[in-house]
Amino acid sequence: MNFQELQEQVKNQFSQVEVRFSSFRNNNRADVSAGDVFSFLEFLQNKMGFDMLVDLSAGDYSQYPGAKHRYGVWYALLNTVAGTRLIVRTGVDDPDPRLASVFSFWKGADWMEREVYDMFGIEFDGHPDLRRVLLPDEFSGFPLRKDYPLRGLGERHNFQPVIRSEG
Amino acid sequence: MALDFLKDNFLVSKLDFIANWCRKYSLWPMPFATACCGIELMATGASRHDIARFGAEAFRFSPRQCDLMIVAGRVAMKMVPVLQRIWQQMPEPKWCISMGACASSGGVFDTYAVVQGIDRFIPVDLYIPGCPPRPEQLLQAVIDLQAKVASTGTIFGLEFEKRTQPEGPRPLQLTLPDKDKLVAPGNFSTSTRVHS
């Protein structure tokens, strides 16, 4: 199943949602809105055979020329039978960046969604255990946001020093 | 009594000397190696540079068996509680060498995740500059630490009890200048920063 056939099948079987397809340097991409991305991904997984979630990541597009949403979130999918790849992109915005979790049909989304939450503060509804995965639990900021200062908000020096006479 | 006279004037000083002499030629390093300085630390322990010539060849990976912590490499803020716990698990008397630019000051890693010098959080006896330092520098640090033990050490560790204050730099400023607050490139083709 090549990209053309995929586009036609999506158009025929999943017409209720607007999906914009594009292609750039052999990357086949589909853009959908944040509200429709869950149903679209579920359709791709159930009907189109995209059985593997290769990657789930995000980016902060604040002040990026031409960006429609502050955060971009993308899902890299692979059909392991046909070898087809597809990148599904969506965007969310402040003040409450929120998406539906795809953990229910791709178990591999567990830590990826936790990492996106950890770094960008995008919350995933329906995730069974949404907490930080790389940074310590008591960390307060979301460091890959563009408005997070490079030197942090005091996290790196928020520890009690050990006094030599006490230990 | 006559023995009190001896204790005050002669015996204590000689016991300190013997204790220091035993301690300084039998340092047991705890390799807290997190980055490339750890490779130089391993090279120092290997046959070419041979830290055994200075009596410090017994690297132990349990803090209970060590008395010299060598922090080699950058320390992430997530690692600080581990570093402090390992330091506190080491039995007295103990010393700490901060090896390399990153352990001493954060080095080039001036980011939210890397602490800007371990001396902000644990007491440090000796700093080694370099990125990474040569093994010879680490050997010189061991020699300098031996001199420090010989000149300041006491049999009951009284020299440590005098160090009742935090010894590192003061905490970094929490409020940041405006130009540090926004780090998005203002012009994405040249990546110039937006300074508000």
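Below, read A as the first sequence line, B as the second, and so on, with proteins coming before strands; counting in each chain starts at 1.
- Looking at A:D129 and A:R131, a side-chain N of the basic residue comes within less than 4.0 Å of a carboxylate O on the acidic one, giving a salt bridge.
- Residue B:E159 does not touch chain A at all, counting heavy-atom pairs closer than 4.5 Å.
- Salt bridge status for B:D110 with A:R156: present, with a side-chain N to carboxylate O gap under 4.0 Å.
- With a 4.5 Å cut-off on non-hydrogen atoms, A:E166 does not touch chain B at all.
- Salt-bridge formation is detected for the pair A:R70/A:D147: a Lys NZ or Arg NE/NH1/NH2 atom is positioned less than 4.0 Å from an Asp or Glu carboxylate oxygen.
- Of the listed residues (A:E138, A:Q160, A:R164), the greatest number of heavy-atom pairs within a distance under 4.5 Å of chain B belongs to A:R164.
- A salt bridge links A:R20 with A:E18: the closest approach of a Lys/Arg side-chain nitrogen to an acidic carboxylate oxygen falls below 4.0 angstrom.
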